[in-house]
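Order of appearance sets the numbers: ligands from 1, and atoms from 1 within every ligand. Start at 1 with the first residue, then count along the sequence.
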Amino acid sequence: MCGIFGYVGKRVDAGSLAIDGLKSLEYRGYDSWGVAYKTGGTLTMKKETGKISGVNPADFSAACSIAIGHTRWATHGGVTKENAHPHLNEASTIAVVHNGIIENYEELKEELKKKGHAFRSDTDTEVLPHLIEEELKHTKDFTTAVRTVCLRLKGRYAFLALHTESRTLVAARSGSPLIIGVDTDGYFIASDIPAFLAHTRTVQYLDDGEMIATDGKTVLFLDIETGHEVQKREIEITWSMKQAQKGTYRHFMLKEIMDQKDSIARAINQDEEEIRTIAQAIKHAQGTFLVGCGTAGKACVAAEYFFSVIAGHHVNYAPASEFKLFHHFLKPESLLIVVTQSGETADVLEAMKIAKAKGSKVLSIVNVQGSTVARESDYTLLINAGPERAVASTKALTGQMAVLLLIAYALADKLREGKLLLLETGEMINDMLNPRYVERLEALADGIKRHENLYIIGKSWNYPMALESAIKIQEVSYIHAEGFAGGELKHGPIALIEKGTPCIVLVGKDEVTADILSNAMELKARGAFIIGVSPERRDVFDEWIKVPEASTAQAIVNIIPIQILAYFLAVKRGKDPDMPRNLAKSVTVK
Ligand code: M6R
C-alpha cells in the first residue's frame with residue numbers, strides 16, 4: 001500500500017532523506033511517487049510515475065530541513081503524475097501526502113469548488129490541502145486548522161501535511177498506521193519503521209483518533225476529538241539496520257528465506273510461563289477463534305491441525321475478512337487469536353474490533369513490535385523474525401507456525417517436548433538451506449518455468465501448506481497455481497490434469513502418508529509430472545525434493561523448498577519477486 005515519509009529538524013538534507021526514506025518503503029508496493037520540500041521560502045515538488053529506485057538522492061540535496069514524500073498505490077484515479085502525491089492548496093503553501101480513503105471526498109470537493117477551488121487530480125487526497133487552506137482563513141494556527149478538517153473526514157486514513165509558513169508538519173491517523181521516529185536532531189514521521197531505521201530506533205506510535213504537530217524541536221500529540229494533549233511513551237525498536245537490508249542477496253525474498261536458518265529459534269524463544277498461561281486461556285475459553293489473511297491465514301489453518309492432533313483441542317479459523325459473520329458465537333469468555341506479520345492488516349484489525357465489542361480477549365502472534373495489533377491485544381507474542389520486506393511472506397509464516405505449534409504442545413502439557421522438537425527443526429532447516437540444495441531447486445524451477453498451471457496437494461497440516469504453496473507461486477511467478485487437500489482431487493480438480501502437468505505432493509511420515517501417496521498415484525495415472533517433497537524417496541515421484549523428517553513440525557520444513565522454488569520460478573520467468581504486480585506488503589484497506 002502507499003508509503004508516507006516526513007522529516008523536520010536541524011538536518012539540512014531533508015530532500016535526500018525523503019528520497020532515501022521512500023526507497024526503504026518500496027517493498028510496500030506502489031506505482032508512483034513524489035516529494036515536497038521547502039528550500040528558502042518556496043516549496044519544491046517532484047512527482048513521477050514508476051519506480052524511485054533509480055533516483056539519486058544527491059539530486060535533492062538543496063539545503064532544506066523540512067520535507068515530505070509518498071509512494072502511491074493507486075485507488076482513486078489512475079497512475080498519473082497529477083494523481084501522485086503530494087497535493088497542494090491553491091497558494092502552494094500546504095502539501096499533503098495521504099494513505100487510505102477519504103470516503104466523503106466528493107461532497108467536500110463540491111463544496112470547495114463552489115468556493116472557487118480548482119483541482120488538478122482525480123484523487124480524494126487533494127481535498128485535504130484545500131480544506132486546510134479554507135480553515136486557515138478562520139484561524140492562524142496550522143494545527144488547529146488541520147484538526148478542524150479531521151473532524152469533517154470519513155474513512156480510514158493517515159495523512160501528513162507540510163506548512164511552509166509555520167515550518168510545521170502535522171499528521172493525523174484514523175485507521176492507517178503512522179509512526180514517529182525520534183532523533184536527537186529532529187523528528188521523522190512514516191507509515192513504517194524501515195523508512196527511518198537508518199537514523200533512529202526510538203519511536204512513538206500514533207493511535208487512531210490522534211494527531212501530532214512538530215516543528216522539529218518538540219512534538220505534540222493531540223486527541224483529534226477533544227483537542228487535548230496525549231502523553232506518549234518512547235519505545236526502543238529491537239530491529240537493526242543490517243536486518244532490514246538485502247546484504248549480498250539479489251532479492252529480499254531470497255534473503256528472508258535464508259533468514260529461516262535461525263528465525264525459528266528466535267520465534268520459540270518465548271517466556272515459558274507466558275506460553276503456559278496462554279495455553280490455559282485457550283483451554284478454558286468458551287470458543288477459540290483464529291483469524292489471519294493470506295499466508296498468515298494458512299498458519300491459522302495449520303494451527304487447527306496442531307491443536308487437534310497434539311492437544312485434542314478444537315479451534316475455529318476464519319479468514320479475517322469473513323470473521324464478522326461469526327460474531328454470534330463470541331462471548332466475553334471467548335478468545336480470538338490474531339496472526340499477522342505486519343500487525344496493520346485492516347481486515348485483521350476489524351476482526352479484533354468485533355471480538356472486543358463482545359468483550360472477548362485477544363491474543364496476537366505478530367512480527368512487528370509496536371504495531372497496532374500488538375498494542376491493542378490482551379496478550380502478544382512477537383515472533384522476532386526481524387523485518388520482512390518482500391511482499392511474499394516467508395520467514396514470518398514459519399515463525400508464526402512455530403509459535404502456534406509451541407502453544408499446542410503447552411496445551412497438551414508437553415511444552416518442553418515441543419520446544420526441543422522446534423529447536424531441532426531449526427537446526428535441520430539450517431542444514432537444509434545449503435547452496436547445493438538451493439541450486440537443485442533453481443534447476444527444477446528452470447525445468448518447469450514454462451508451464452502455466454501447477455497444482456499442489458497435501459493432507460493434514462500439509463493441506464494448508466499446499467494452499468500456501470499456491471499463494472507463493474502465484475504471487476511472484478504469476479503461474480496459475482492451486483492447492484488442494486489430496487482427498488478432494490477426485491471431487492473435481494483431477495479433471496484439470498493433462499500429460500506433463502507439474503503437481504507437487506507434500507508428504508510427511510505419519511498416519512496420512514499412504515493416503516497422500518495414493519492421491520499422487522491418481523495424478524500420475526492421468527499423466528501428471530509428480531514432484532514429491534518428502535523425507536523419503538517414493539516410486540511415484542518423478543522428482544524428489546528431500547526434506548528432513550520433522551514429526552509434527554513437518555509442515556514447517558516442507559514449505560521451505562516451495563518458497564525457494566517460487567522464488568526461482570519468478571526469477572527464471574523474468575519477474576521481480578520483491579515487487580509482485582498489483583500487490584502490497586501491508587494491506588491497510590478493507
Ligand atoms: O501482515 P499480514 O501477515 O497480516 O499480511 C497478511 C497477508 O496480506 C500476507 O500474508 C499476504 O498474503 C502475503 N503477500 C503472502 O505472501
**Report entry** Pair E442 + K449: basic N to acidic O under 4.0 Å
**Finding:** no
**Report entry** Residue A392 vicinity, atoms of ligand 1 by number, heavy atom under 4.0 Å
**Finding:** 16 (O)
Report task. Flag the pair K232 and E210 as a salt bridge only when some basic side-chain nitrogen lies within less than 4.0 angstrom of an acidic carboxylate oxygen. Result -> yes
Query raised in the report: Hey, which atoms in ligand 1 end up nearer than 4.0 Å to a heavy atom of T340?
Result: 1 (O), 2 (P), 3 (O), 4 (O)
Query - Aromatic ring proximity F307/H314, centre distance under 6.0 Å - result: no
Report task. Record the part of T345 in heavy-atom contact with ligand 1 below 4.0 Å; permitted values are side chain, backbone, both and neither. Result -> side chain
Report summary line: Taking only non-hydrogen atoms of K472 and a 4.0 Å limit, the atoms of ligand 1 in range are 15 (C), 16 (O)
Query raised in the report: Heavy-atom distance under 4.5 Å between the side chains of L489 and I457, does that happen here?
Result: yes
Report task. Return the residue, atom name and 0.1 Å-rounded distance of the protein heavy atom closest to atom 7 (C) of ligand 1. Result -> C293 O, 3.5 Å
Report summary line: Atoms of ligand 1 under 4.0 Å from any heavy atom of S393, numbered from 1 in the order shown, are 15 (C), 16 (O)
Query raised in the report: Going by an N to O cut-off under 4.0 Å, is there a salt bridge joining E452 and R573?
Result: yes
Requested in this report: Mark up the atoms of ligand 1 that fall under 4.0 Å of a heavy atom belonging to G294, in ascending order.
Outcome: 12 (O)
Report summary line: of all protein heavy atoms, closest to atom 16 (O) of ligand 1 is E475 OE2, 2.4 Å
Query - Nearest-neighbour protein heavy atom for atom 8 (O) of ligand 1, which is reported as residue plus atom name and distance - result: V587 CG2, 4.1 Å
Query raised in the report: Salt-bridged, K261 to D431, with N to O below 4.0 Å?
Result: no
Query raised in the report: Is L583 near ligand 1, meaning one of its heavy atoms is under 4.0 Å from it?
Result: no
Report task. Without swapping roles, check the side chain of S364 against the backbone of S377 for a donor-acceptor pair under 3.5 Å. Result -> no
Query raised in the report: How far is atom 3 (O) of ligand 1 from its nearest protein heavy atom, and which residue and atom name does that atom have?
Result: Q341 N, 2.7 Å
Query - Side chain H85, main chain G69, donor-acceptor under 3.5 Å - result: no
Query - Numbered atoms and elements of ligand 1 in range of A296, under 4.0 angstrom, heavy atoms - result: 3 (O), 10 (O)
Query - Side chain, backbone, both or neither: the part of E344 lying under 4.0 Å from ligand 1 by heavy atom - result: neither
Query raised in the report: Tell me: protein heavy atom nearest atom 11 (C) of ligand 1, and distance?
Result: T295 N, 4.2 Å
Query raised in the report: Counting only N and O atoms by type, is there a donor-acceptor contact under 3.5 Å from the side chain of R389 to the main-chain atoms of A244?
Result: yes
Query raised in the report: Would you say I471 and ligand 1 have an N/O pair spaced under 3.5 Å apart?
Result: no
Query raised in the report: Where is the nearest protein heavy atom to atom 13 (C) of ligand 1: which residue, which atom, and how far?
Result: V391 O, 3.6 Å
Query - Aromatic Y157 / basic R173 pairing, under 6.0 angstrom, 45° off normal - result: no
**Report entry** F329 six-ring centre to K358 NZ/CZ under 6.0 Å and within 45° of normal
**Finding:** no
Query raised in the report: Tell me, which protein residue and heavy-atom name are nearest atom 1 (O) of ligand 1, and how many Å apart are they?
Result: S342 OG, 2.6 Å
Requested in this report: Looking only at distances, please establish whether an N/O atom of ligand 1 is found under 3.5 Å from an N/O atom of Q400.
Outcome: no
